[in-house]
Amino acid sequence: MNFTNVGKKFRQKRLSLNLNQAQFAEKVDLSVDYISKLERGERIPKIPCFVKILNALDLSADEVLSDIIDKSYVSRTSEYLDRIGKLSKEEQNRLFSMIELFLDN
């Protein structure tokens, strides 16, 4: 399995929280070297460490593992539904029309 994308997601979220690797490492009680290797996909965290990182980054396992898990469409569908719910009614109707057109072809 390739965990490069998992590491990229960790990094993107860490950066969106305006944390450098040292700050994040301190927050989760891990070394900067370990965080760096995780973000490059060179290390795979054990479950307790994985959960600690997810909680610190306010991520779900589904979000992080969606590229690896075969049934990730369930997670992605849920994410899309949340995003669609934030659109105006007009934007929702336009999107639904496009989806219907796509599915009918």
Study note, to complete from the structure: So the salt bridge (charged side-chain N to carboxylate O under 4.0 Å, His left out) pairs with at least one residue in residues 92-103 (sequence neighbours excluded) are Glu90-Arg94
Practice item. For a side-chain contact (heavy atoms from CB on, under 4.5 Å) with Phe50, tell me which candidate from Leu65, Leu38, Asn55, Ile44 qualifies. Key: Leu65
Practice item. Sequence neighbours left out, what passes side chain to side chain donor-acceptor pair (under 3.5 Å) with Gln12? Give chain and number order. Key: none
Practice item. Mind checking side-chain contact (heavy atoms from CB on, under 4.5 Å) for Glu26 and listing every partner two or more places apart, or none if nothing turns up? Key: none
Review point. Tell me the salt bridge (charged side-chain N to carboxylate O under 4.0 Å, His left out) pairs involving residues 4-13, sequence neighbours left out?
Key: Lys9-Asp67
Point to revise | ILVMFWY cluster membership beyond Leu15 - transitive side-chain contacts under 4.5 angstrom | key: none
Check your understanding: Got a sec, which residues hit side-chain contact (heavy atoms from CB on, under 4.5 Å) with Lys37, two or more places apart in sequence or on another chain?
Key -> Asp33, Arg40, Glu42, Arg43
Point to revise | Spacing of Leu57 atom CG and Phe10 atom CZ [to the nearest 0.5 Å] | key: 7.0 Å
Check your understanding: Can you list the other members of the hydrophobic cluster that holds Ile47, where links are side-chain heavy atoms under 4.5 angstrom apart?
Key -> Val51
**Study point:** Residues in side chain to side chain donor-acceptor pair (under 3.5 Å) contact with Glu39, at least two apart in sequence or another chain
**Key:** Arg14, Gln21
Practice item. Report the residues that fulfil side chain to side chain donor-acceptor pair (under 3.5 Å) with Ser88, sequence neighbours left out, ordered by chain and then residue number. Key: Glu91
Review point. Is there side-chain contact between Val64 and Ser60, with heavy atoms separated by less than 4.5 Å?
Key: no
**Study point:** side-chain contact (heavy atoms from CB on, under 4.5 Å) involving Ser97 - partner list, sequence neighbours excluded
**Key:** none
**Study point:** Backbone N/O of Ala25 and side chain of Asp29: donor-acceptor pair under 3.5 Å
**Key:** no
Review point. Of all residues at least two apart in sequence or in a different chain, which pass the side-chain contact (heavy atoms from CB on, under 4.5 Å) check with Val28?
Key: Phe24, Leu30, Ile35, Lys52, Ala56
**Study point:** Separation between CG of Leu101 and CZ of Phe96, rounded to the nearest 0.5 Å
**Key:** 15.0 Å
